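Predicted model only: the values in this text are computed from it and were never measured.
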Number of protein chains: 4
Amino acid sequence: MAGTRKSREERRAQILACALEVFGEKGFHAATVDDIAARTGVARGTFYLYFKDRRSIFEALIDDFFARLTSQIRSIDVESAEPPLTQLRMNLHRLCRLALDEPAMMKILLQDASGLDAAFDTKLGAFYKALSVFLEESLEEGQRIGLVRAGDTPLMVALGIGALKEILLNAGTGTLPRSADALVEEIMRFFEAGLLARS
Amino acid sequence: MAGTRKSREERRAQILACALEVFGEKGFHAATVDDIAARTGVARGTFYLYFKDRRSIFEALIDDFFARLTSQIRSIDVESAEPPLTQLRMNLHRLCRLALDEPAMMKILLQDASGLDAAFDTKLGAFYKALSVFLEESLEEGQRIGLVRAGDTPLMVALGIGALKEILLNAGTGTLPRSADALVEEIMRFFEAGLLARS
Amino acid sequence: MAGTRKSREERRAQILACALEVFGEKGFHAATVDDIAARTGVARGTFYLYFKDRRSIFEALIDDFFARLTSQIRSIDVESAEPPLTQLRMNLHRLCRLALDEPAMMKILLQDASGLDAAFDTKLGAFYKALSVFLEESLEEGQRIGLVRAGDTPLMVALGIGALKEILLNAGTGTLPRSADALVEEIMRFFEAGLLARS
Amino acid sequence: MAGTRKSREERRAQILACALEVFGEKGFHAATVDDIAARTGVARGTFYLYFKDRRSIFEALIDDFFARLTSQIRSIDVESAEPPLTQLRMNLHRLCRLALDEPAMMKILLQDASGLDAAFDTKLGAFYKALSVFLEESLEEGQRIGLVRAGDTPLMVALGIGALKEILLNAGTGTLPRSADALVEEIMRFFEAGLLARS
DNA sequence: TATGAATGAGGTTTCATTCAT
DNA sequence: GATGAATGAAACCTCATTCAT
């Protein structure tokens, strides 16, 4: 019934959008192909015309979001006209915008994508590893030029990533500010001064 | 393995311990009742003599760990002989010890326990909510007595919790220090001074 | 491939030819309508403009080949100018030619056509039954005129048919001769003298 | 319901027996796991306690029968007290007995086992190849010692195998004799003298 | 208490066939 | 005629849970 003949691309996008909703609501494991098909208003078989299997639509969502997410991060160029802190602030701003725009995807990426699958874990693990290494090197560089305080860089990176992940995951939720600007300001203050008052 | 008559409590504990291993290795979804029974060296049916269902053993693990975890956190008493920062430091120390002692449980709690089940999510959500509220109030109190810098407390709490969760999750992993002391030192520095050098 | 407007008959023949290839390569069960359409270079729907269903194209192939096969067999006329053995030899020759020309069809007929379908089995069974009866009568006639040795005719027919089927199925394969003449010579020798040396 | 608790081996044997019936009646492709389970009087899931999948029970049947079949064939020892022809006759006798005892298995092996699966085809192909090579060598040896007439051995082997297969497949069917002795006699006559009268 | 055979609901996936364009 | 998107029946297989022994 529902069907109403769509172009291939339209239908694919429609299924992806519905899958995003369903995964967001139920998580990967609880979301069945049936749920996705029903939400889309197509028959079960139709799903398989567009995606090889359940895992693959999840992967498609993640991969796409991942790409958009990483595209928001620009390497900080110490020689640029913009001061490094401004560059950092802009990176954070873009990430917060994304988190506010697509909370469902952010939740899927940050909460569901872990522990699904050996292949997936490898992929995610590789990303975090690469990110960590990159950030550690950045911190070390920052320490050298006096921008970053001294300390155990791997641990500092983990702390920073953890703090950021929590914000990205909960952006727009609960009592957190709804504006990217506000989020960025507070994150920057956290990075600049921690939580405690100057003693 | 099996055999060796056990008291009910011993047997239950034995199954719990094996389940912890299995959940830690495969995650909740991939871990079957069979895996747990086999690891314990008992028959499938025996499992059900000790636990109502698969969910309930997971819940038992989480609940128990949860209790132990929260028991490590002592409310900070401003009037105590110990300075508040020392009290905070001791809290962190106990948490890091726990994370280093039981990485599997920490992983299960922090990674797998989310999105399993409406009931579970509610329970976890309530905990985080309560924790957040408590921490927010603590921060506000801290701000009042000049111990905590000014700022959006919900956001500050989220940043702090995120940073801490990341450490607890990865404690003893990768390039992070293996000692609770080292972890605590760096976390405290992070809370005290952020990441950046004093400008 | 596709395009090039064809007359109905041409298109039908084209699909049949491709189906033959596909069935030959994958067998009836593994060959999907999609495989056939793709090989032909037409859309799936087009297939159904020419054939009622998947079974029917298989049946069309078999029926057609069957007709060609049986048309190669001429009843042996004892009164003809040609000696009966020559007539037999010519029958065999035509069959071997067919097998060498169309190994795929022969494989399909001899290997795949069995056990597909009650209807099909009935049809094939009827053919074999009729063939057997006919051959039994021929053998009996041959026995009467002293051309065929004494023996249990149904069994002798089965032995002969089996031997022949194996050759027709494997003609041009493995280490068997590639020429119809060679095949016929050896088959005739087998019929005339068995395998063993005159004791 | 049905279940009635069996020992593992009993139940396995029971399922195998029912599967044999079902495969014999419907062929591999048409036979569903449900058919087999229903025939056995157990639930679908029970089937999977005993066999990994549908293919594997088929393979188990074939492998077992295959082993029994090949165990009936004894290499012909020219130096033995028994004359070679007697040894051949005894081989044939054992095969015919098997075919009369287990017509369903014979049908499955000879008709269904072909074209199921790449792996299966390989296995069967290897068997036939080995058998052919062995028989060709035997024939050549026979030719050397004057027991077998001259001729193209691969072709002679194919003819002989084909004739035998047809008998084994149809033993006890139609108008063929029901006794192994009668079958063997006629097969031997065929091998010794072909079908035609001495000209 | 312990066992492990049995169950069957629930999910996945394939593909012959239909039908709107 | 031709297309290919859509359908849904039909099989497969897994595993949490029950229950007879």
(message) Please pick, from E:dA16, E:dT3, F:dC13, the nucleotide with the shortest atom-to-atom distance to any side-chain atom of D:Val33.
(response) F:dC13
(request) Look at the side chain of B:Ala43 and decide which nucleotide, out of F:dT17, E:dT3, F:dC12, has an atom nearest to it. (result) E:dT3
(message) Distance check needed: F:dG4 C1' versus A:Arg12 CZ, whole Å only.
(response) 17 Å
(request) In whole angstrom, give the distance that lies between atom CG of C:Asp35 and atom P of E:dA16. (result) 8 Å
(message) Between D:Phe58 and D:Leu116, is there a side-chain heavy-atom distance shorter than 4.5 Å?
(response) yes
(message) Please confirm whether the shortest side-chain N or O distance from B:Arg11 to OP1 or OP2 of E:dA2 is below 4.0 Å.
(response) yes
(request) Give a yes/no answer on whether the side chain of C:Tyr48 brings an N or O atom under 4.0 Å of OP1 or OP2 in E:dC19. (result) no
(message) Using heavy-atom distances to pick each residue's nearest nucleotide on DNA chain E, tell me which of A:Phe47 and C:Arg54 is more 5'.
(response) A:Phe47
(request) Select from A:Arg55 and B:Leu49 the residue whose nearest nucleotide in DNA chain E is closer to the 5' end of that strand. (result) B:Leu49
(message) In the structure I gave you, are the side-chain heavy atoms of B:Glu25 and B:Arg39 within less than 4.5 Å of one another anywhere?
(response) yes
(request) Using a cut-off of strictly less than 4.0 Å, decide whether C:Thr46 has a side-chain nitrogen or oxygen near OP1 or OP2 of F:dT3. (result) yes
(request) May I have the distance from B:Phe51 (atom CZ) to F:dA16 (atom P), rounded to whole angstrom? (result) 15 Å
(request) Verify the contact: side-chain N or O of D:Arg8 to OP1 or OP2 of E:dG4, cut-off strictly under 4.0 Å; return yes or no. (result) no
(request) Return the set of residues passing ring pair (Phe, Tyr, Trp, His ring centres under 6.0 Å) with A:Tyr48 (not counting sequence neighbours), or none when no residue passes. (result) none
(message) Here's a test of your reading of the structure: between B:His29 and C:Gly45, which maps to the more 5' nucleotide of DNA chain F?
(response) C:Gly45
(request) State, with a plain yes or no, whether a side-chain heavy atom of A:Leu109 is found less than 4.5 Å away from one of A:Leu124. (result) yes
(request) Could you state the atom-to-atom distance from CD of D:Glu9 to P of E:dA5 in whole Å? (result) 11 Å
(request) In whole angstrom, give the distance that lies between atom CD1 of C:Ile36 and atom C1' of E:dC15. (result) 12 Å
(request) Report the distance from atom CG of D:Asp34 to atom C1' of F:dA9, rounded to the nearest whole Å. (result) 14 Å
(message) Taking any heavy-atom pair under 4.0 Å as a contact, classify D:Arg44: base, sugar-phosphate, or nothing.
(response) base
(message) What's the closest nucleotide to the side chain of B:Thr32 if the choices are F:dC15, F:dT3, F:dC12?
(response) F:dC15
(request) Would you name the heavy atoms of C:Glu59 and C:Phe120 that are closest together and state the gap between them? (result) CA-CZ, 3.7 Å
(message) My understanding is that a pair needs two contacts under 3.5 Å, Watson-Crick or G-U wobble. By that rule, which nucleotide pairs with F:dT7?
(response) E:dA16
(message) Using whole Å, what does the distance between atom P of nucleotide E:dC15 and atom CG of C:Asp53 come to?
(response) 17 Å
(request) Could you tell me which nucleotide pairs with E:dG10 by Watson-Crick or G-U wobble geometry, both distances under 3.5 Å, or answer none if nothing does? (result) F:dC13
(message) For a quick test of reading the model: is some side-chain N or O of C:Tyr50 closer than 4.0 Å to OP1 or OP2 of F:dG1?
(response) no
(request) Answer whether the closest heavy-atom distance between the side chains of C:Lys165 and C:Leu169 falls below 4.5 Å. (result) no
